Novice: 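Quick one: structure below, then a few questions.
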Amino acid sequence: MPLLRALLLATFALPALADPVTPTAITEWKAVYGTVEARDRIPARARLGGTLVELSVTEGDEVTAGQELARIVDDKLDFQRAALAAQSKALSAQLANAESDLKRGEELLANGVTTTQRVDALRTQVDVLKGQIAALDAQSQVIDQQSREGVVLAPVAGRVLDVPVTKGAVAMPGEVVAVVGGGGTYLRIAVPERHAASLAEGDKIRLSNGMGDREGRLARVYPLIEGGRVVADVEVEGLPDTHIGARMLVRLPVGEREALLVPASAISTRAGLDFVGLRTAGGTVLRAIIAGGVHEVDGVAMVEVISGLVAGDDVVPAAEVSHD
């Protein structure tokens, strides 16, 4: 009985301990690089062939939708417009003469001097000249519209990514004058195909850009595999668009495994070795361990124990372990 009483007193004299160590599921992360991409990357193309006489933007400029980026001039349009104006002037003179003939013909017809057939022919000539003048006016409007199409406008609001032309260059219809990126930014990643089955839309993604860790969301996984890699898009709030194409380190969840975790505060280091205090039947003892990576669980830093502990061990906080 005295021995049993001594053991009970020794047991109750131990400090309050945490729950026994149990295997905990932790997420396996795959580190890859993601590239910052613009959601909308639209080229501003020339609609008119001619000489680029004005270029008002350069790489990095922010633009609004419909803003003028450049202006192209085709000198041939001025000559065509002048030719149409001369033709219209000549037809107008013929029309004035034909209208005078028609007026005299109607007066002669009223007096019974000429025939109805002659008057109808004069009236038809007036209508034909009016139609020719209207056609010239329409052609002139077409040329005016072509001149207006020499202005290159920004297709979307955003940032100018590339300007492959210079002022004074000759531009052809459909040629790219500037590339505008807008609609926000996202990260595009390429993951080895062996991890394709572990990727799911909505997964949380961790990334680092040198200014601290951030969190994103896996927004889309593309079904097409090219070069043994799966392409996916990651949504990141507040991702800047100042450097499209910049690379950022991304960590993807590719699986789970079980590990023994202990609070970082429970580990003490002596002579380069890591120890944890354990409660045993004979009292508190120190046991050497091999520590692994640090994982955050419910806001607490937990260290993975690779070797030295087994499930069920009771760990004592380092502050309550004697260093004698």
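Keep in mind that this is a model prediction, so the values were computed, not measured. All residue numbers in this chain count up from 1 along the given sequence.
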Novice: Report yes or no: do Val170 and Val151 belong to one cluster of Ile/Leu/Val/Met/Phe/Trp/Tyr joined by side chain heavy-atom distances under 4.5 Å?
Specialist: no

Novice: Taking Gly272's backbone N and O only, do any of them form a donor-acceptor pair with Thr269's side chain (distance below 3.5 Å, no angle check)?
Specialist: no

Novice: Please name the pair of heavy atoms, one in Glu304 and one in Leu261, separated by the smallest distance, quoted to 0.1 Å.
Specialist: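 That would be CA-CD2, 3.5 Å.
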
Novice: Can you tell me if Asn111 uses its side chain to pair, donor with acceptor, with the backbone of Val113 under 3.5 Å?
Specialist: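 Checked: no pair found.
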
Novice: With distance as the sole test, does Ser56 use its side chain to make a donor-acceptor pair with the main-chain N or O of Glu68 at under 3.5 Å?
Specialist: yes

Novice: Heavy-atom count check: over 12 atoms from other residues, nucleotides or ligands less than 6.0 Å from Tyr33 OH?
Specialist: no

Novice: Report the C-alpha separation of Leu199 and Leu218 in whole Å, then their side-chain angles, then the decisive distance to 0.1 Å, and conclude whether the side chain to side chain contact (heavy atoms under 4.5 Å, CB included) test is met.
Specialist: CA-CA 8 Å; Leu199 298 178; Leu218 194 62; 4.1 Å; yes

Novice: Side chains of Ile267 and Ile289, heavy atoms from C-beta outward: is any pair under 4.5 Å?
Specialist: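 They are in contact (side-chain heavy atoms under 4.5 Å apart), so the answer is yes.
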
Novice: Could you measure the distance from the CG atom of Leu109 to the CD atom of Glu107? Nearest 0.5 Å is fine.
Specialist: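 With rounding to 0.5 Å, CG (Leu109) is 11.0 Å from CD (Glu107).
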
Novice: Is the closest side-chain heavy-atom distance between Met248 and Leu187 below 4.5 Å?
Specialist: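 With C-beta onward as the side chain, the pair touches.
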
Novice: NZ of Lys130 to OG of Ser92: how many Å apart, nearest 0.5 Å?
Specialist: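 One finds 11.5 Å between NZ of Lys130 and OG of Ser92.
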
Novice: In the single-linkage hydrophobic clustering (I, L, V, M, F, W, Y; side-chain heavy atoms under 4.5 Å), do Leu52 and Leu153 co-cluster?
Specialist: no

Novice: Hydrophobic clusters here meaning ILVMFWY residues chained together by side-chain heavy-atom distances under 4.5 Å, can you tell me if Ile205 and Val36 are in one?
Specialist: yes

Novice: Would you mind checking if Arg251 and Glu215 are paired as a salt bridge, meaning a charged N to carboxylate O distance below 4.0 Å?
Specialist: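 Between Arg251 and Glu215 there is no salt bridge, as every charged N stays at least 4.0 Å from the carboxylate O atoms.
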
Novice: Looking at side-chain heavy atoms only, is the closest gap between Leu102 and Glu106 below 4.5 Å?
Specialist: yes

Novice: Flag the pair Gln87 / Gln139 as yes when at least one side-chain heavy-atom distance between them is below 4.5 Å, and no otherwise.
Specialist: no

Novice: Can you tell me how far apart OG1 (Thr114) and CG (Leu122) are? Round to the nearest 0.5 Å.
Specialist: 7.5 Å

Novice: What are the two closest non-hydrogen atoms of Asp233 and Tyr186, and how far apart are they?
Specialist: OD1-CE1, 3.3 Å

Novice: For Gln94, does its backbone N or O pair with a side-chain atom of Asn97 as donor and acceptor, under 3.5 Å?
Specialist: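 Absent.
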
Novice: Check the pair Asp120, Thr115 against side chain to side chain contact (heavy atoms under 4.5 Å, CB included), reporting the backbone distance first and the verdict last.
Specialist: CA-CA 9 Å; Asp120 291 342; Thr115 63; over 6 Å; no

Novice: Side chains of Asp127 and Gln125, heavy atoms from C-beta outward: is any pair under 4.5 Å?
Specialist: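 With C-beta onward as the side chain, the pair stays apart.
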
Novice: Do Leu69 and Val176 land in one hydrophobic cluster if side-chain heavy atoms of ILVMFWY residues count as linked below 4.5 Å?
Specialist: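 No; Val176 is not reachable from Leu69 via cluster members.
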
Novice: Can you name the nearest heavy-atom pair linking Ala196 to Val230, along with the distance?
Specialist: CB-CG2, 3.5 Å

Novice: So does Asp313 pair up with Arg287, basic N to acidic O under 4.0 Å?
Specialist: yes

Novice: Shortest non-hydrogen contact from Ile26 to Ala259?
Specialist: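 In terms of heavy atoms, the two residues are closest at CD1-CB, 3.8 Å.
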
Novice: Main chain of Gly60, side chain of Arg159: is a donor-acceptor contact present, judged purely on distance under 3.5 Å?
Specialist: yes

Novice: Quick one: closest heavy-atom pair of Arg81 and Ser147, and the distance?
Specialist: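 Result for this residue pair: NH2-OG, 2.9 Å.
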
Novice: Under the criterion side chain to side chain contact (heavy atoms under 4.5 Å, CB included), I'd like the reasoning laid out for Thr58 against Asp61: C-alpha separation, chi angles, the key distance, then a yes or no.
Specialist: CA-CA 6 Å; Thr58 187; Asp61 290 347; 3.5 Å; yes

Novice: Which atom pair, heavy atoms only, marks the closest approach of Gln67 to Glu62?
Specialist: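 Between these two residues, the closest heavy atoms are OE1-O, 4.3 Å.
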
Novice: Look up atom CG in Leu278 and atom OG1 in Thr280, then write down how far apart they are to the nearest 0.5 Å.
Specialist: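 Reported value, rounded in 0.5 Å steps: 7.5 Å.
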
Novice: Is the backbone N or O of Arg247 less than 3.5 Å from a side-chain atom of Thr35, with the two atoms forming a donor-acceptor pair by type?
Specialist: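 No.
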
Novice: How about Leu95 and Val126: do any of their side-chain heavy atoms sit closer than 4.5 Å?
Specialist: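 SC-SC contact between Leu95 and Val126 confirmed.
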
Novice: Let me confirm one number: the CZ-CD distance from Arg45 to Glu175, rounded to the nearest 0.5 Å.
Specialist: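 Arg45 atom CZ to Glu175 atom CD measures 9.5 Å (nearest 0.5 Å).
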
Novice: Walk me through it: do Asp101 and Arg104 pass the test salt bridge (charged side-chain N to carboxylate O under 4.0 Å, His left out)?
Specialist: CA-CA 5 Å; Asp101 291 343; Arg104 286 193 297 268; 2.3 Å; yes

Novice: Do Val303 and Val305 have side chains that approach each other closer than 4.5 Å (heavy atoms only, starting at C-beta)?
Specialist: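 Of all side-chain heavy-atom pairs linking Val305 with Val303, none is under 4.5 Å.
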
Novice: Please say yes or no: joined through hydrophobic side-chain contacts below 4.5 Å, possibly via intermediate residues, are Val163 and Ile244 part of one cluster?
Specialist: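 Not linked; separate clusters.
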
Novice: Please lay out, stage by stage, how Arg123 and Glu99 fare under the test salt bridge (charged side-chain N to carboxylate O under 4.0 Å, His left out).
Specialist: CA-CA 8 Å; Arg123 186 176 292 111; Glu99 288 177 342; over 6 Å; no

Novice: Hey, could you give me the CD1/CD distance between Ile72 and Glu149, rounded to the nearest 0.5 Å?
Specialist: 10.5 Å

Novice: Any donor and acceptor pair, going by atom type alone, linking the side chain of Arg217 with main-chain N or O of Glu235 inside 3.5 Å?
Specialist: no

Novice: Given the rule in the salt bridge (charged side-chain N to carboxylate O under 4.0 Å, His left out) test, do Glu37 and Arg188 qualify, once you have shown the distances and angles that lead to the verdict?
Specialist: CA-CA 7 Å; Glu37 296 285 352; Arg188 174 155 291 178; over 6 Å; no

Novice: Please tell me if the side chains of Leu286 and Val276 come closer than 4.5 Å, counting only heavy atoms from C-beta onward.
Specialist: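 Leu286 vs Val276: side chains apart.
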
Novice: Tell me, with the steps shown, if Val152 and Leu55 meet side chain to side chain contact (heavy atoms under 4.5 Å, CB included).
Specialist: CA-CA 9 Å; Val152 181; Leu55 185 62; over 6 Å; no

Novice: Under the 3.5 angstrom rule, does the side chain of Ser88 hit a backbone N or O of Leu84 as a donor-acceptor pair?
Specialist: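 Not at all, since once roles are kept as given, no pair shorter than 3.5 Å links the two residues.
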
